[in-house]
Amino acid sequence: MSWWPIPDSPGDFTGDPAADAIDGAFARLNERRDEPPTLGEVVAALDAVLADERAVLEDGESLRGVLVPGVDPAPTAPPDVVAAVRDALRDLARAYEREFGRRPRAREVVYTFTFAFGGGPRRRSGARSRRESPSRPRRRRES
């Protein structure tokens, strides 16, 4: 299990333990659902959870300026997605506390969610590609 610097974000890190926290929470969620949540639902859930639990973040920063461009949050997040994000963030925060003695920063959370859902570099542990992960949210198709 390794950690590495986030490109173009000095002092910020991501790694397998943090991504595993997200994977685990969404794998449990998807066991109870017919379809994985949409990316917009996950973004809305992240926004909702961090608005309630700013203490999860080291920098107390809002995700408003940090979210991935081109992905609009859903109007509301289903309660089960909010619960999965809350679980993921608590486990992710524990991983940062163990490794760095601090909570994750907003950019680290967003980058790690992106990485866990297949938008970042391939995992260094040799694990299968995140694109093959059963926990990856689906994008809503344009009609």
Side-chain angles (χ1 to χ4, degrees), residues 1-33 35-141:
M1 299 285 225
S2 60
W3 293 87
W4 55 93
I6 294 174
D8 301 321
S9 192
D12 291 337
F13 296 88
T14 193
D16 292 321
D20 289 345
I22 296 166
D23 248 5
F26 278 86
R28 290 186 298 276
L29 170 68
N30 289 334
E31 287 173 2
R32 300 183 306 268
R33 293 181 126 233
E35 292 188 16
T38 65
L39 191 55
E41 290 170 335
V42 173
V43 170
L46 259 172
D47 193 40
V49 170
L50 289 174
D52 287 344
E53 298 187 28
R54 289 227 175 177
V56 168
L57 298 176
E58 175 75 13
D59 50 11
E61 187 176 333
S62 166
L63 289 186
R64 286 281 175 209
V66 182
L67 292 176
V68 182
V71 177
D72 293 322
T76 59
D80 60 339
V81 179
V82 172
V85 167
R86 184 170 280 119
D87 290 347
L89 284 174
R90 286 182 182 149
D91 291 346
L92 183 132
R94 281 189 211 109
Y96 276 84
E97 286 283 347
R98 277 192 304 273
E99 184 67 23
F100 302 106
R102 64 168 174 80
R103 297 176 306 254
R105 298 178 183 121
R107 290 197 181 280
E108 291 169 327
V109 169
V110 172
Y111 189 91
T112 303
F113 265 82
T114 303
F115 170 71
F117 293 140
R122 192 175 173 107
R123 292 188 73 179
R124 295 175 186 212
S125 66
R128 68 182 173 177
S129 166
R130 289 297 179 160
R131 297 188 197 296
E132 301 167 13
S133 174
S135 63
R136 186 171 185 229
R138 62 185 167 79
R139 286 193 181 260
R140 193 175 304 275
R141 292 187 179 173

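Residue numbers start at 1 and run along the sequence shown.
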**Asked** Can you tell me how far OG1 of T112 sits from CZ of F13, rounded to the nearest 0.5 angstrom?
**Response** 12.0 Å
**Steps toward side chain to side chain contact (heavy atoms under 4.5 Å, CB included) verdict (F115, I22)** = CA-CA 10 Å; F115 170 71; I22 296 166; over 6 Å; no
**Message:** Can you confirm whether P17 sits close enough to W3 that some side-chain heavy atom of one is under 4.5 Å from a side-chain heavy atom of the other?
**Reply:** yes
**Request:** Could you tell me whether the side chain of F113 reaches within less than 4.5 Å of the side chain of V43, counting heavy atoms only?
**Result:** no
**Message:** Please find the pair of heavy atoms, one from A44 and one from T76, that lie closest to each other, and give the distance.
**Reply:** CB-C, 4.3 Å
**Request:** Could you tell me which residues satisfy side-chain contact (heavy atoms from CB on, under 4.5 Å) with R94, sequence neighbours excluded, listed by chain and number?
**Result:** R90, D91, R98
**Short N-O contact, D12 and R107, less than 4.0 angstrom** = no
**Prompt:** Who are the side-chain contact (heavy atoms from CB on, under 4.5 Å) partners of P78, not counting sequence neighbours?
**Reply:** R33, E41, D80, V81
**Message:** So, using salt bridge (Lys or Arg N to Asp or Glu O under 4.0 Å) as the criterion, who are the partners of D87 when residues are at least two apart?
**Reply:** none
**Item:** Reported CZ-to-CG distance for the pair R86 and L50, which is rounded to 0.5 angstrom
**Value:** 9.5 Å
**Request:** List for me each residue that meets side chain to side chain donor-acceptor pair (under 3.5 Å) alongside R28, sequence neighbours excluded, and say none if there are none.
**Result:** none
**Asked** Taking only residues two or more places apart in sequence or in another chain, which ones pass side-chain contact (heavy atoms from CB on, under 4.5 Å) with A84?
**Response** F26, L29
**Message:** Measuring only between side-chain heavy atoms, which start at C-beta, is L46 closer than 4.5 Å to L89?
**Reply:** yes
**Message:** Let's go through E108 and R102 carefully: what are the C-alpha distance in whole Å and the side-chain angles of both, what is the deciding distance for salt bridge (Lys or Arg N to Asp or Glu O under 4.0 Å) to 0.1 Å, and is it a yes or a no?
**Reply:** CA-CA 12 Å; E108 291 169 327; R102 64 168 174 80; 2.7 Å; yes
